[in-house]
Structures are given as C-alpha cells and as structure tokens.
**Q** 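Sharing a structure with you now.
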Amino acid sequence: MSEKVVLAFSGGLDTSYCAIYLSKEKDLEVHTAIANTGGFSPEELTDIEKRAYALGVKSHKALDVTEEYYQKGIKYMVYGNVLRNNTYPISVSSERIFQAIAIIEYAKKIGAKYVAHGSTGAGNDQIRFDLAFQVLAPEIEIITPTRDMELTREFEINYLKDHA
C-alpha cells in the first residue's frame, strides 16, 4: 500500500497538478484537505470536493476553522483596526497559519507520512505553511513540487491535459 500524503488543496492549477503528480509520479495515496476560514460558500466547497475526486484522490476533507480563526485572529484585527499600509486588512497572512495548523493536524490524524502544498517560491505562503508544518509535526515530511521543480503554468497545464 502507498504511503499517505495530505495535500493542502484549493482546487486551483498548482494544487490540481500536485494531486496528479503525487499520485502518478510519487506513487502516494493522496488525501486532499481545504481549511475553510470563512471565505467559501457551501457550493464552492462542493465544487472543490468534486474537483479533488475527479483528480483521483483517495479522500477529501473540508476543515471548518471559521470560528477558531475568528476567535483567535480576526476579532483582534477588527478591534485594533489593523491595516497593512493603512489600506487593507492583514488577514491573509494570519489566515494561512490557521489553515496550515488545520492541515497538519488532519495529516497527523490520518497517519500521513507526508504533507504537501502548491505554493511557489514567489510568495510568503510557502513560508507560512512550511514553518507551521515543521513546528507542529517535524516528523512529517513536506513535499512542494511547484516550488522545488520551479514549474511554469504552461508546464502544469500541459501535464494535466496529458493526464486527462
């Protein structure tokens, strides 16, 4: 039996590529999870789940961390009127930490040997995910195909087309 990997899954190009790649090229049993911090409608979550199963994953889980994110993060930003450059809320950076925590806790729960994400080397999301994963579960290896292989969007699109 293949070893388990939990893929932080948005249903976008990078994570769709990762779902196929981890299964076909790495021979891993892929379990996807999306950590909902309140930004998804039930219909969107259903569409993301359908996309995951269409990619051939073993299981998909929507992790609802809306209340925890509000109680431990958002409400303090609202109370403090915390804005980046006095323009927009800094919620995205804190949101990724809550998502990473939920993903790694799920990976531990199902006994995954690996955790993966589709973040590229271009943004801070990779750091937020990797640090939370490393601190909370140093025994679980992190796989980051999009970043490590320095993939282009065109390559990923063609790979997905080649795999129907």
Side-chain angles (χ1 to χ4, degrees), residues 2-23 26 28-84 88-120 123-147 156 160:
S2 298
E3 294 171 325
K4 293 178 186 175
V5 60
V6 171
L7 170 62
F9 188 75
S10 67
L13 177 61
D14 293 329
T15 59
S16 294
Y17 168 83
C18 289
I20 298 289
Y21 173 82
L22 293 168
S23 175
K26 295 293 186 183
L28 295 171
E29 182 179 288
V30 180
H31 299 263
T32 55
I34 185 166
N36 182 12
T37 55
F40 296 99
S41 70
E43 295 79 20
E44 289 170 318
L45 291 172
T46 298
D47 289 345
I48 291 167
E49 180 179 17
K50 287 178 184 175
R51 193 169 307 132
Y53 283 117
L55 292 166
V57 304
K58 178 79 172 178
S59 72
H60 176 80
K61 180 83 170 171
L63 307 166
D64 186 358
V65 294
T66 306
E67 183 65 21
E68 182 178 6
Y69 182 45
Y70 175 77
Q71 292 298 331
K72 294 179 179 177
I74 288 292
K75 79 177 182 181
Y76 298 105
M77 286 184 259
V78 172
Y79 292 160
N81 194 29
V82 179
L83 301 173
R84 182 173 182 197
Y88 62 92
I90 60 168
S91 59
V92 170
S93 58
S94 64
E95 177 183 38
R96 293 296 184 257
I97 298 300
F98 283 86
Q99 291 170 331
I101 291 168
I103 297 293
I104 201 66
E105 291 299 322
Y106 181 66
K108 290 193 292 190
K109 180 180 177 180
I110 70 164
K113 182 175 180 180
Y114 305 98
V115 66
H117 61 77
S119 298
T120 66
N124 292 325
D125 285 347
Q126 64 175 323
I127 295 165
R128 293 178 187 117
F129 280 117
D130 288 357
L131 283 177
F133 294 162
Q134 289 170 352
V135 167
L136 296 172
E139 71 282 5
I140 297 177
E141 187 177 330
I142 303 167
I143 303 174
T144 57
T146 307
R147 176 181 70 206
E156 290 179 330
L160 288 168

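Quick note: numbers below take in every heavy atom, side chains included, and nothing from hydrogens, waters or symmetry partners.
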**Q** State whether Arg147 and Asp130 are salt-bridged, where the test is any N-O pair (Lys NZ or Arg NE/NH1/NH2 against Asp/Glu carboxylate O) under 4.0 Å.
**A**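 Looking at Arg147 and Asp130, the cut-off is met.
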**Q** Of all heavy-atom pairs between Ala33 and Leu63, which one has the smallest distance, and what is that distance?
**A**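 Closest heavy-atom pair between Ala33 and Leu63: CB-CD1, 4.0 Å.
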**Q** On a heavy-atom basis, which atom in Pro145 and which in Tyr17 lie closest, and how many Å separate them?
**A**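 Residues Pro145 and Tyr17, closest heavy atoms: CB-CE2, 4.2 Å.
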**Q** Could I get the full list of side chain to side chain donor-acceptor pair (under 3.5 Å) partners for Asp47, not counting sequence neighbours?
**A**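 Asp47 satisfies side chain to side chain donor-acceptor pair (under 3.5 Å) with no residue once adjacent residues are dropped.
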**Q** Please find the pair of heavy atoms, one from Ala52 and one from Thr32, that lie closest to each other, and give the distance.
**A**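 The pair with the smallest heavy-atom distance is CB-OG1, 3.5 Å.
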**Q** How far apart are the closest heavy atoms of Val6 and Ala107, and which atoms are they?
**A**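 Looking at all heavy atoms of both residues, the shortest contact is CG2-CA, 3.7 Å.
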**Q** For Leu28 and Ser23, run side-chain contact (heavy atoms from CB on, under 4.5 Å): C-alpha distance rounded to whole Å, both residues' side-chain angles, the deciding distance at 0.1 Å, then the answer.
**A** CA-CA 5 Å; Leu28 295 171; Ser23 175; over 6 Å; no
**Q** Is there a donor-acceptor pair closer than 3.5 Å between any side-chain N or O of Glu44 and the backbone N or O of Ser41?
**A**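 Confirmed, Glu44 side chain pairs with Ser41 backbone.
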**Q** Applying the side-chain contact (heavy atoms from CB on, under 4.5 Å) test to His31, which of Val57, Leu7, Ile110 qualifies?
**A**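 Exactly one pass, corresponding to Ile110.
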**Q** When you compare the side chain of Tyr114 with that of Lys4, does any pair of heavy atoms fall below 4.5 Å?
**A**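 With C-beta onward as the side chain, the pair stays apart.
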**Q** Go through Ser119 and Asp14 one step at a time and tell me if the side-chain contact (heavy atoms from CB on, under 4.5 Å) criterion holds.
**A** CA-CA 7 Å; Ser119 298; Asp14 293 329; over 6 Å; no
**Q** Any side-chain heavy-atom pair from Ile97 and Phe129 closer than 4.5 angstrom?
**A**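 Side-chain contact under 4.5 Å: no.
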**Q** Apply side-chain contact (heavy atoms from CB on, under 4.5 Å) to residues Lys108 and Glu139 and explain how you reach the verdict.
**A** CA-CA 10 Å; Lys108 290 193 292 190; Glu139 71 282 5; 4.0 Å; yes
**Q** Would Tyr69 and Ser94 count as having a side-chain donor-acceptor pair, cut-off 3.5 Å?
**A**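 Looking only at side-chain atoms, Ser94 and Tyr69 do form a donor-acceptor pair, the distance falling under 3.5 Å.
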**Q** Roughly how far, to the nearest 0.5 Å, is CD of Glu156 from CD1 of Ile20?
**A**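 It is 12.0 Å, given to the nearest 0.5 Å.
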**Q** Would a 4.5 Å heavy-atom cut-off, applied to side chains only, mark Thr37 and Asp64 as touching?
**A**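 No. Closest side-chain heavy atoms not under 4.5 Å.
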**Q** Using a 6.0 Å cut-off, check whether atom NZ of Lys75 has over 12 heavy atoms from anything other than its own residue.
**A**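 Yes.
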**Q** With Lys26, which residues qualify under salt bridge (charged side-chain N to carboxylate O under 4.0 Å, His left out), at least two apart?
**A**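 Expected list: none.
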**Q** Hey, are the side chains of Val5 and Lys113 touching, using non-hydrogen atoms and a 4.5 Å cut-off?
**A**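 Side-chain contact under 4.5 Å: no.
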**Q** Which residues pass the side chain to side chain donor-acceptor pair (under 3.5 Å) test with Ser10, sequence neighbours left out?
**A**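 Here the qualifying residues are Thr15.
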**Q** Working to the nearest 0.5 Å, report the span between CZ of Phe98 and OH of Tyr70.
**A**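 Answer for the CZ-OH pair, Phe98 versus Tyr70, is 12.5 Å.
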**Q** Test of understanding: with ring-ring contact (aromatic ring centres under 6.0 Å, His included), list the residues that count as partners of Tyr106, not counting sequence neighbours.
**A**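 Counting only residues at least two positions away or on another chain, Tyr106 forms no ring-ring contact (aromatic ring centres under 6.0 Å, His included).
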**Q** Please enumerate all residues that pass side chain to side chain donor-acceptor pair (under 3.5 Å) together with Asn36, with sequence neighbours excluded.
**A**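 Result, side chain to side chain donor-acceptor pair (under 3.5 Å) vs Asn36: none returned.
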**Q** Could you tell me the separation between the CD1 atom of Ile143 and the CZ atom of Phe133, rounded to the nearest 0.5 Å?
**A**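 Going from the CD1 atom of Ile143 to the CZ atom of Phe133 covers 11.5 Å.
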**Q** If you round to the nearest 0.5 Å, how far is CG of Leu136 from CD1 of Ile103?
**A**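 So the gap between those two atoms works out to 12.5 Å.
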**Q** Can you tell me how far the CZ atom of Arg128 sits from the CZ atom of Arg96, to the nearest 0.5 Å?
**A**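 That separation rounds to 7.5 Å.
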**Q** Taking only residues two or more places apart in sequence or in another chain, which ones pass salt bridge (charged side-chain N to carboxylate O under 4.0 Å, His left out) with Lys58?
**A**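 Result, salt bridge (charged side-chain N to carboxylate O under 4.0 Å, His left out) vs Lys58: none returned.
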**Q** Under 4.5 Å between any side-chain heavy atoms of His60 and Lys50, yes or no?
**A**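 When only atoms from C-beta onward are counted, Lys50 and His60 do not touch, as no gap falls below 4.5 Å.
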**Q** Which heavy atom of Val65 sits nearest a heavy atom of Ala102, and at what distance?
**A**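 Closest approach of Val65 to Ala102, heavy atoms only: CG1-CB, 3.6 Å.
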**Q** For the pair Tyr53 and Ser59, evaluate side-chain contact (heavy atoms from CB on, under 4.5 Å) and give the outcome as yes or no after the intermediate values.
**A** CA-CA 7 Å; Tyr53 283 117; Ser59 72; 4.2 Å; yes
**Q** Rounded to the nearest 0.5 Å, what's the gap from CZ on Arg51 to CD1 on Ile34? Could you check?
**A**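 Arg51 atom CZ to Ile34 atom CD1 measures 9.0 Å (nearest 0.5 Å).
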